[in-house]
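Okay, so here's the structure we're looking at.
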Amino acid sequence: MPNADFRVRVEKIISQLPADKVTTYGDVAALAGSAYASRVVGGIAHYGNPELPWHRLVNRRGGLAVGFPGGPDVQRQLLLQDGIQCIDNKVVNFEDLRWHPNFL
DNA sequence: CGAGTGACCGCAA
DNA sequence: ATTGCGGCCACTC
């Protein structure tokens, strides 16, 4: 029953995400099993465990999530607390800060 | 239980 | 460069 597994995988990946790195919905979705299920990742973020650091998830361009609770400003503040700078709703040095999965 | 929703991604006009 | 559309799949109503 791989239906609920997807959410578990995604949450595990997020929980193992280093504090000083960011990742994309697409990457998480791909690691969880479906490369194009990035929407599901967003959905899980919306309805899933709020304790996980969802603010480290950005879109493919490194931009902040639009539908984030409170708007991109909140996410920018959370990222700043993790030492990640954002300009114009985009992560600075995004390609450099982008998390590289190790457990392939 | 069925249909709709969505914090996205990639490609076609 | 922008706009539009399909697809992915768990979750809510």
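Lettering of chains follows the sequences in order, A, B, ..., and the numbering in each one begins at 1. As the structure is a prediction and not an experimental result, all values here were calculated from the model.
- Rounded to whole Å, the distance from NE2 on A/H46 to C1' on C/dC13 is 13 Å.
- Residue-level contact check: A/Y25 touches the bases, meaning some heavy atom is under 4.0 Å from a base atom.
- A donor-acceptor contact shorter than 3.5 Å links the side chain of A/W54 to the backbone of A/N49.
- For the side chain to side chain contact (heavy atoms under 4.5 Å, CB included) test with A/L57, the passing option among A/D27, A/L52, A/V41, A/V22 is A/V41; the others fail.
- Close to C/dC9, at under 4.0 Å from its OP1 or OP2, lies a side-chain N or O of A/S34.
- Summarising the geometry, the separation between CZ on A/R9 and P on C/dC9 is reported as 13 Å, rounded to the nearest angstrom.
- Comparing A/Y36 and A/Y47 against DNA chain C, the residue whose closest nucleotide sits nearer the 5' end is A/Y36.
- Under a 4.5 Å side-chain heavy-atom cut-off, the cluster of Ile, Leu, Val, Met, Phe, Trp and Tyr residues that includes A/L80 has no other member.
- Among the nucleotides C/dC11, C/dG7, C/dA10, the one closest to the side chain of A/R39 is C/dG7.
- Taking every nucleotide of DNA chain B with any atom under 4.0 Å from a non-hydrogen atom of chain A, the first and last of them, 5' to 3', are B/dG6 to B/dG10.
- Looking only at distances, a side-chain donor or acceptor of A/N59 sits under 3.5 Å from a matching main-chain atom of A/R61.
- A/S34 places no side-chain N or O within donor-acceptor distance of the main-chain N or O of A/A37, the cut-off being under 3.5 Å.
- Pairs of residues two or more places apart, or lying in two chains, that qualify as side-chain hydrogen bond (donor to acceptor under 3.5 Å, both in side chains) and include a residue from residues 73-83 of chain A are A/H55-A/D82, A/R56-A/D82, A/D73-A/R76.
- We find that CZ of A/F6 is positioned 7 Å from P of C/dC9, with the value rounded to whole Å.
- Rounded to whole angstrom, the span from the CD1 atom of A/I44 across to the C1' atom of C/dT12 amounts to 14 Å.
- Between A/A35 and A/G43, the residue anchored nearer the 5' end of DNA chain B, judged by the nucleotide with its closest heavy atom, is A/G43.
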